[in-house]
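Structure, as structure tokens:
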Amino acid sequence: MKYRILGSTKEKVSALGFGCMRLPTIDHKPSSGEIDEAETIRMLQYAIDNGVNYIDSAYTYHNGRSEEVIGRALQDGYRKKVLLTTKMPIWLVEKSNDFDRFLHEQLSRLKTDYLDVYLLHNLKKKTFHQLLNLGIFSWAEKAIDKGLFRYFGFSCHEPFSVFKVFIDSYDRWSIAQIQYNYMNEDVQAGTKGLKYAAKKDIAVVIMEPLLGGTLANPHPEILSLLNQANPQRSPVDWALQWLWNKPEVSTVLSGMSSFTQVQQNINSANHSDVNSLRSEELDTISRAQSRYSSMNPVPCTKCGYCMPCPNQVDIPRNFELFNTALVFNQVNLNKNIYQNIFPEEMHAASCIQCGICEEKCPQNIPIREWLRKVEELLGKKEIKD
Ligand SMILES: NC(=O)c1ccc[n+]([C@@H]2O[C@H](COP(=O)([O-])OP(=O)(O)OC[C@H]3O[C@@H](n4cnc5c(N)ncnc54)[C@H](OP(=O)(O)O)[C@@H]3O)[C@@H](O)[C@H]2O)c1
């Protein structure tokens, strides 16, 4: 495993971190609460045995089960081999007592006395002001003094201007977790955010390095472009190496859902390095970026934050069918799946326009508007305003 430095903490962190939001499930539904525990424990322990030392979870992942399964996976001496990170569900915080309540519940789920890193999950402008009023920073400093966690930070999907405000508001942040991949240079915090935080010695931890898996299965044209440049290198390896090439990146979290993916991504991390991509290779990625941008699909990463929908619409699945229909030019195939296989109650047409999902979407997607387009493209019925 290759190791990098975790910002001002000076901890040695593995180039590959284990993101625990997309673990294997028994019901084969991504991110469901039915985690395949035996397989997950095998994957986590294999990753740690092969040098991965950063584990990322959150209160809400897999309906709260992610932390519980990690807690069991880290028994038998594994706990002390990793930097264990989880996140406070700040949108559920109503009063200052909730800070301690969530932290202690999470410590108990994770079967540990302390966290290495505690993050404010999905920090937004509105919640940030509320947290400030509730005294979040003095609470965090006291919790660190008590040994409940070692480093404090936040994860964020906001644009650079807002990200910068968060970074500048506190001089004791250790970690900033951002969505970043070769398709998101100018999306959310983006390259500007990466460099800004790193310059302040705040460790930047990357989430969604494959745009939620999208970059693992690229459009045939992009695949052929990548293959022409290097037939040995997989699309996943291209995307990961592009990140590790950057000195400002501390660790790249991958949400691995199978044992093979863990093996492949560890192998990629093993031959990663800063400034190792040649200019022809960077040029190949630039051409892939331009081709992707021209396809213009819904910028959904299937993170599932929008779910559950009060009327059972499976929002990520609707967008996946819409995107693959357009990007892979398979409208008729996806119409067939949509109309004959995909349960009707989960269709875009069942949207009651309540907008609850839009408040939760980290990508700020106008979900209701896009669902109308999904139904127009794939559904039998026409939706009228
Ligand atoms: N704080 C936040 O707001 C937030 C938001 C999002 C994520 N995160 C954290 O960041 C982590 C990483 O984000 P992410 O899960 O979206 O990562 P990602 O790497 O962009 O996407 C993960 C998906 O990529 C596919 N994949 C991974 N390795 C592969 C391989 N070798 N070959 C083929 N496909 C591969 C898998 O898709 P399939 O399962 O379809 O095979 C996997 O589920 C999360 O797990 C979570 O810990 C945090």
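Counting starts at 1 for both ligands and their atoms, in listed order.
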For atom 39 (O) of ligand 1, what is the closest protein heavy atom, and at what distance to 0.1 Å?
S257 OG, 2.7 Å
Least distance between heavy atoms, L377 atom then K335 atom
O-CE, 2.9 Å
Atom indices of ligand 1, in the order listed, that fall short of 4.0 Å to a heavy atom of V236:
30 (C), 31 (N), 32 (N), 33 (C)
Considering only the protein, which heavy-atom contact is closest to atom 22 (C) of ligand 1, and what is its distance?
G255 O, 3.1 Å
Before you tell me yes or no, could you show the steps for D100 and W139 under side-chain contact (heavy atoms from CB on, under 4.5 Å), namely the whole-Å CA-CA distance, both residues' side-chain angles and the distance that decides it to 0.1 Å?
CA-CA 9 Å; D100 273 332; W139 171 82; 3.0 Å; yes
Under 4.0 Å from any heavy atom of Q177, which atoms of ligand 1 are there?
1 (N), 8 (N), 9 (C), 48 (C)
H121: numbered ligand 1 atoms lying under 4.0 Å from its heavy atoms
1 (N), 2 (C), 3 (O)
Is it true that the side chains of N270 and N267 contain a donor and an acceptor less than 3.5 Å apart?
no
Is L215 touching ligand 1 with its side chain, its backbone, both, or neither, if touching means heavy atoms under 4.0 Å apart?
neither
Any luck finding a side-chain donor-acceptor pair between Q363 and Y305 under 3.5 Å?
no
Subset of ligand 1 atoms that lie under 4.0 Å from at least one heavy atom of C20
45 (O), 47 (O)
Which residue and non-hydrogen atom of the protein lie closest to atom 25 (C) of ligand 1, and at what distance in Å?
G213 CA, 3.8 Å
Does K81 count as lying over the ring of Y78, i.e. NZ or CZ under 6.0 Å from the six-ring centre, within 45 degrees of the axis?
yes
Angle between ring planes, F137 versus Y170, binned at 30° and 60°: parallel, tilted or perpendicular?
parallel
Hydrophobic side-chain clustering at under 4.5 Å (ILVMFWY, transitive links): who's grouped with V205? Put none if nobody.
L6, V13, Y54, L83, V117, L119, Y151, I175, L253
Restricting to pairs with a member in residues 241-260, which pass salt bridge (Lys or Arg N to Asp or Glu O under 4.0 Å), not counting sequence neighbours?
K195-E248
Among all protein heavy atoms, pick the one closest to atom 8 (N) of ligand 1 and tell me residue, atom and distance.
Y61 OH, 3.2 Å
How does P362 reach ligand 1, if at all, at less than 4.0 Å between non-hydrogen atoms: by side chain, backbone, both, or neither?
neither
Atom 1 (N) of ligand 1 [closest protein heavy-atom partner, distance rounded to 0.1 Å]
S155 OG, 2.9 Å
Which protein heavy atom lies closest to atom 5 (C) of ligand 1, and at what distance to 0.1 Å?
Y305 OH, 3.2 Å
Among all protein non-hydrogen atoms, which one is nearest to atom 28 (N) of ligand 1, and what is the separation to 0.1 Å?
N265 ND2, 3.0 Å
Evaluating non-hydrogen atoms only, which member of G212, G304, S57, G19 is closest to atom 20 (O) of ligand 1?
G212
Counting heavy atoms only, which of E208, M21, K302, K87 is nearest atom 13 (O) of ligand 1?
E208
Under 4.0 Å, heavy-atom basis, I'd like to know which part of P209 is in contact with ligand 1: side chain, backbone, both or neither.
both
Under 4.0 Å from a heavy atom of A216: which atoms of ligand 1 are those, numbered in the order shown and with their elements?
33 (C), 34 (N)
The option among R22, M207, Q261, H157 carrying the non-hydrogen atom nearest to atom 30 (C) of ligand 1 is Q261
